Amino acid sequence: MANESALKYKRLILKISGESLAPAGGHGVSMESIVTIAKQVYAASQHGTQIGLVLGGGNILRGAQFMTQGAHVHEATAHYMGMLATVMNALAMQDALESVGCTTRVMTAIRMDGVAEPYIRRRALRHLEKGRVIILAAGIGSPFVTTDTGAAQRALELDADILLKGTKVDGVYSSDPVKDPEALFYPHLTYEEVLAKHLKIMDQGAVTKCMEYSLPIRVFNYRQDGNIEKAVRGEEIGTLISNF
Ligand code: UDP
């Protein structure tokens with residue numbers, strides 16, 4: 001393991017959306033996609049930075065998708081279903097990480113003994129200190145928020161130095177660069193700019209939470225090989241969102 005005093009970040013939270021875990025252009029769980037990410041996370045963890053992984057559930061289900069008239073499901077129920085989707089992703093990621101040699105623990109915000117450990121802050125810290133990658137599943141265990149907010153919440157309570165958000169594009173743009181060739185890339189933004197420009201890179205609650213506690217966010221393209229490692233090592237890739 002590398003010299004820990006030379007690390008830019010001692011501890012961080014890495015948020016990866018559920019979509020990243022699906023087959024290209026599809027839904028559900030692709031072990032091929034998951035193993036590709038797992039290899040990168042393992043390589044990044046080898047340098048000594050403590051990593052907490054927060055996975056979304058959008059590849060399986062998002063609570064908001066049921067919010068149509070006559071859906072016959074309470075909005076809260078739909079969100080709980082979304083949280084359970086993140087647990088499925090976490091279990092798949094755990095096996096993928098362990099298959100490449102990484103020691104992990106899955107911790108869930110909704111108790112499900114027999115499947116994974118409950119999330120207990122001090123226990124999470126202990127796992128991190130022992131060099132285990134922790135996979136934080138079921139968001140924060142409460143409906144009406146997304147895993148972005150969960151990631152911000154966990155980053156704050158675990159004293160992470162930064163929240164990394166892996167996306168499909170190179171960082172934050174003025175509009176969706178996939179649809180708009182004129183989209184402007186921002187290498188750096190303040191939290192206020194993200195909120196004022198209504199940039200849809202993370203939900204606003206998550207950005208506000210990070211702003212309140214000056215927790216920096218780096219948005220980067222996880223699909224480019226080696227980028228997770230670069231982001232974990234503190235290289236200036238993607239977009240940094242901070243106070244100045
Ligand atoms: N969710 C929730 N509380 C949480 C985290 C997630 O209710 O603390 C639900 C919410 O419905 C969300 C779904 O779980 O849409 C899946 O998470 P998310 O949409 O953040 O996944 P991603 O878009 O990152 O794949």
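Treat the numbers as computed from the prediction; the structure is a model and nothing was measured. Numbers here are sequence positions counted from 1. Below, all heavy atoms of this structure are taken into account, side chains as well, without hydrogens, waters or symmetry copies. Start at 1 and go down the list; that is how both ligands and their atoms are numbered.
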(message) With respect to Val145, determine whether any N or O atom, backbone or side chain, lies less than 3.5 Å from an N or O atom of ligand 1.
(response) yes

(request) Ignoring hydrogens, just give me the one of Gly139, Ser142, Pro143 whose non-hydrogen atom is nearest atom 3 (N) of ligand 1. (result) Ser142

(request) Select the closest option to atom 11 (O) of ligand 1 among Gln153, Glu75, Met83, His79, judged by heavy-atom distance. (result) His79

(request) Grab the two heavy atoms, one from Val232 and one from Tyr9, that are nearest each other, plus how far apart they are. (result) O-CD1, 3.3 Å

(message) Is it the case that ligand 1 has an N or O less than 3.5 angstrom from some N or O of Thr86?
(response) no

(request) Could you name the option among Ser20, Ala76, Gly18 that has the heavy atom nearest to atom 25 (O) of ligand 1? (result) Gly18

(request) Tell me yes or no: between the side chains of Asn221 and Asn227, is some donor less than 3.5 Å from an acceptor? (result) no

(request) Quick one: look at Met81 and ligand 1, take heavy-atom pairs under 4.0 Å, and tell me if it's side chain, backbone, both or neither. (result) neither

(request) Can you run down the salt bridge (charged side-chain N to carboxylate O under 4.0 Å, His left out) pairs that involve residues 91-108, sequence neighbours left out, and say none if there aren't any? (result) Arg105-Glu117

(message) Check this for me - ligand 1, Gly63, N or O atoms closer than 3.5 angstrom, yes or no?
(response) yes

(request) Write out the residue and atom name of the closest protein heavy atom to atom 21 (O) of ligand 1, then the distance separating them to 0.1 Å. (result) Gly57 N, 2.9 Å

(request) Give the residue, atom name and distance (to 0.1 Å) of the protein heavy atom nearest atom 24 (O) of ligand 1. (result) Lys15 NZ, 2.7 Å

(message) Could you identify the single nearest non-hydrogen protein atom to atom 20 (O) of ligand 1 and state the distance to 0.1 Å?
(response) Thr147 OG1, 2.4 Å

(request) Examine the proximity of ligand 1 to Thr149 and report which part, side chain or backbone, both or neither, has a heavy atom under 4.0 Å away. (result) neither

(request) Check step by step if side-chain contact (heavy atoms from CB on, under 4.5 Å) holds for Gln40 and Ile37. (result) CA-CA 5 Å; Gln40 284 206 56; Ile37 294 171; 5.6 Å; no

(message) Strictly below 4.0 Å, N to O, side chains only: are Glu19 and Lys168 in salt-bridge contact?
(response) yes

(message) When you measure from the side chain of His47 to the backbone of Thr49, do you find a donor-acceptor pair of N or O atoms at a distance under 3.5 Å?
(response) no

(request) Drop me the distance from Ile241's CD1 to Cys210's SG, to the nearest 0.5 angstrom. (result) 8.5 Å

(message) Between Asp161 and Lys10 (salt bridge meaning N to carboxylate O under 4.0 Å), is one present in this structure?
(response) no

(message) When you compare ligand 1 with Ile140, is there at least one nitrogen or oxygen pair between them that comes in under 3.5 angstrom?
(response) yes

(message) Considering both backbone and side-chain atoms of Gly58, is one of its nitrogen or oxygen atoms within less than 3.5 Å of a nitrogen or oxygen in ligand 1?
(response) yes

(message) Pairs of nitrogen or oxygen atoms closer than 3.5 Å, one from Ser17 and one from ligand 1: do any exist?
(response) no

(request) Identify whether the distance between the nearest side-chain nitrogen and carboxylate oxygen of Arg218 and Glu236 falls below 4.0 Å. (result) yes

(request) Taking all non-hydrogen atoms of both residues into account, name the closest pair between Ala155 and Leu215 and its distance. (result) CB-CD2, 3.5 Å

(message) Suppose we measure from atom 14 (O) of ligand 1 to each protein heavy atom; which comes out shortest, and what is that distance?
(response) Gly82 C, 3.1 Å

(message) I need the atoms of ligand 1 closer than 4.0 Å to a non-hydrogen atom of Gly56, numbered in the order shown.
(response) 21 (O), 22 (P), 24 (O), 25 (O)

(request) Only counting residues at least two apart or in another chain, list the ones meeting salt bridge (charged side-chain N to carboxylate O under 4.0 Å, His left out) with Lys179. (result) Asp176

(message) Any atom of ligand 1 sitting under 4.0 Å from a heavy atom of Asp203?
(response) no

